[in-house]
Amino acid sequence: MTIEQAKGVLAVTGGLSMNDAFTALRAYARSHNLMLGNVARALAERKLDPALLLPRRDHTS
């Protein structure tokens with residue numbers, strides 16, 4: 001349930017599909033050596049900024 005909520009936060013915030021949101025969530029947890037559930041909980045409770053998990057986009061004109 002918490003992972004689904006976190007995926008929703010990322011999907012809405014970053015305009016991602018649910019699959020891409022999960023990939024971003026998992027990648028963040030792995031790269032920071034954190035448990036996926038803990039990252040999801042922090043994100044769902046708004047204790048973690050979703051922008052930190054979103055893929056960076058180039059802003060070229």
Side-chain angles (χ1 to χ4, degrees):
M1 181 71 135
T2 305
I3 291 175
E4 293 301 318
Q5 290 174 330
K7 286 168 44 179
V9 169
L10 288 176
V12 169
T13 303
L16 304 176
S17 70
M18 292 299 271
N19 285 337
D20 288 342
F22 180 73
T23 298
L25 182 64
R26 186 181 59 204
Y28 183 88
R30 285 182 176 174
S31 69
H32 291 83
N33 199 29
L34 299 169
M35 294 183 68
L36 182 63
N38 292 342
V39 174
R41 186 175 304 103
L43 190 59
E45 293 175 354
R46 305 300 198 272
K47 295 178 180 176
L48 179 61
D49 184 358
L52 296 173
L53 285 77
L54 296 173
R56 293 186 179 180
R57 296 182 181 170
D58 289 335
H59 295 285
T60 56
S61 306

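FYI, side chains are in, hydrogens and waters are out, and symmetry mates aren't considered; it's all heavy atoms of this structure.
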Side chains of residues 28-35: which donor-acceptor pairs under 3.5 Å do they make with residues two or more places apart or in other chains?
{"residue": "Ser31", "atom": "OG", "partner": "Ala27", "partner atom": "O", "Å": "3.1"}
{"residue": "Ser31", "atom": "OG", "partner": "Tyr28", "partner atom": "O", "Å": "3.2"}
{"residue": "His32", "atom": "ND1", "partner": "Tyr28", "partner atom": "O", "Å": "3.0"}

Can I get a per-line list of side-chain donor-acceptor pairs under 3.5 Å for residues 18-26, giving both atom names and the distance, sequence neighbours left out?
{"residue": "Asp20", "atom": "OD2", "partner": "Ser17", "partner atom": "OG", "Å": "3.4"}
{"residue": "Thr23", "atom": "OG1", "partner": "Asn19", "partner atom": "O", "Å": "3.0"}

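Between Leu53 and Thr13 there is no side-chain heavy-atom pair separated by less than 4.5 Å.
Residue Leu48 holds its CG atom at 11.0 Å from CG of Asn38, rounded to the nearest 0.5 Å. For the atom pair CG (Leu16) and CG (Leu54), the distance works out to 5.5 Å, reported to the nearest 0.5 Å.
Under a hydrophobic-cluster definition in which Ile, Leu, Val, Met, Phe, Trp and Tyr are linked whenever side-chain heavy atoms come within less than 4.5 Å, directly or via other members, Leu43 and Val12 are assigned to different clusters.
Scanning both residues, Ala44 and Ala6, for their nearest heavy atoms gives CB-N, 4.4 Å.
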